[in-house]
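The structure appears right after this line, and notes come after that.
Everything quoted here is computed from the prediction, not taken from an experiment. Numbering of residues begins at 1 and proceeds along the displayed sequence.
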Amino acid sequence: MTASDPKTDLRFYLQSARDALLWKLDGLSEYDVRRPLTPTGTNLLGLVKHAATVELGYLGETFGRPSGEPLPWVAEGAEANADMWATADQSRTDMVDLYHRAWAHADATIDALALDTVGRVPWWPDGRDEVTLHHAVVRVISDTHRHAGHADILRELIDGAVGMSEGNQGLPPGDAGWWQGYRERVEEAARRAGELDGS
């Protein structure tokens with residue numbers, strides 16, 4: 001087994017999460033990429049907007065490398081949760097382009113600094129705001145993969161499309177009938193367990 005470079009490993013997992021998140025937008029209408037599908041308003045384009053904002057913050061501003069990107073949705077006095085949805089005048093192209101610029105900026109930070117470089121997270125409490133670049137990158141990877149998982153579910157609810165990327169569904173093979181039968185078996189097991197538990 002050959003030794004791997006930590007930055008290369010981190011970049012690989014960060015990029016795979018980025019790609020998975022963006023892929024979930026492919027082929028959908030403007031309405032479908034924006035529509036809220038959970039009681040808390042979770043939507044695909046909002047996840048992209050949020051992920052771009054997170055990268056620019058944790059892998060830019062935190063290490064004294066502001067991007068210069070205007071982010072009014074996280075400025076002082078902005079509406080709560082404004083980074084989690086796109087307004088009608090914030091186009092899909094605008095949000096995807098912002099995310100690509102955030103990638104480039106974050107990648108430049110990872111390339112320029114040692115993983116043990118210490119930064120300060122401006123929105124964390126004083127005295128508990130220091131973080132290493134390594135920690136920040138792991139945090140962003142975790143956040144992006146979490147939101148890519150959200151996007152998996154949202155996309156499946158919209159049109160049934162599943163998978164991590166084109167050609168990599170990561171699911172056992174099965175046609176619609178197989179999946180319906182599988183779902184029914186899972187539902188029946190849940191019902192029986194509920195009956196046994198009295199719930």
Looking at [atom1] of [X] and [atom2] of [Y], how far apart are the two atoms once the value is rounded to the nearest 0.5 Å?
| X | Y | atom1 | atom2 | value |
| --- | --- | --- | --- | --- |
| L115 | D5 | CG | CG | 8.0 Å |
| Q180 | R185 | CD | CZ | 10.5 Å |
| H50 | Y99 | NE2 | OH | 9.5 Å |
| T144 | D19 | OG1 | CG | 11.0 Å |
| D129 | W123 | CG | CH2 | 11.0 Å |
| H145 | L14 | NE2 | CG | 7.5 Å |

Check for a donor-acceptor pair, side chain of [X] on one end and backbone N or O of [Y] on the other, with a separation under 3.5 Å.
| X | Y | result |
| --- | --- | --- |
| T117 | L133 | no |
| T62 | L59 | no |
| K24 | A161 | no |
| N43 | G46 | yes |
| Q90 | T87 | yes |
| S142 | V138 | no |

Should [X] and [Y] be regarded as members of a common hydrophobic cluster, given that ILVMFWY residues are connected when their side-chain heavy atoms come within less than 4.5 Å of each other, either directly or indirectly?
| X | Y | result |
| --- | --- | --- |
| V74 | W85 | no |
| Y13 | Y58 | yes |
| V54 | F63 | yes |
| V96 | I158 | yes |
| V162 | V186 | yes |

Take R11 and I110 through the test side chain to side chain contact (heavy atoms under 4.5 Å, CB included) and record every step on the way to the result. CA-CA 8 Å; R11 291 270 299 267; I110 295 168; 3.9 Å; yes
Is it true that D9 and S4 share a donor-acceptor pair across their side chains at a distance under 3.5 Å?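 Short answer, yes.
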Tell me whether [X] is salt-bridged to [Y], with the criterion being a basic N under 4.0 Å from an acidic carboxylate O.
| X | Y | result |
| --- | --- | --- |
| D143 | R139 | no |
| E188 | R191 | yes |
| R35 | D32 | yes |
| E30 | R34 | yes |

Would you say D126 has more than 12 foreign heavy atoms packed within less than 6.0 Å of its CG?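 No, not enclosed.
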Looking only at heavy atoms, what is the nearest atom pair of [X] and [Y], with distance?
| X | Y | answer |
| --- | --- | --- |
| E130 | W124 | O-CZ3, 4.2 Å |
| A136 | V131 | N-CG2, 3.9 Å |
| K7 | L113 | NZ-O, 2.6 Å |
| R18 | A106 | NH2-CB, 3.8 Å |
| G60 | T109 | CA-OG1, 4.3 Å |
| H105 | R65 | NE2-O, 2.5 Å |

Steps toward side chain to side chain contact (heavy atoms under 4.5 Å, CB included) verdict (D89, D94): CA-CA 9 Å; D89 62 339; D94 291 341; over 6 Å; no
What do the steps show when you test M84 against L47 for side chain to side chain contact (heavy atoms under 4.5 Å, CB included), and what is the final call? CA-CA 6 Å; M84 295 298 293; L47 292 173; 4.0 Å; yes
Can you tell me how the ring of W103 sits relative to the ring of H100, calling it parallel under 30°, perpendicular over 60° and tilted otherwise?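 It falls in the perpendicular class, over 60°.
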Passes side chain to side chain contact (heavy atoms under 4.5 Å, CB included), R155 versus L28? Steps please. CA-CA 9 Å; R155 182 65 190 253; L28 294 179; 3.6 Å; yes
Within the 4.5 Å heavy-atom criterion, are R101 and S67 side-chain neighbours or not?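 No, too far: nothing below the 4.5 Å cut-off.
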Beyond-backbone contact of L98 with L56, side-chain heavy atoms, under 4.5 angstrom: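 L98 reaches L56 side chain to side chain.
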Between T93 and S91, does a side chain to side chain donor-acceptor pair (under 3.5 Å) hold up when you go through it step by step? CA-CA 5 Å; T93 299; S91 74; 4.5 Å; no
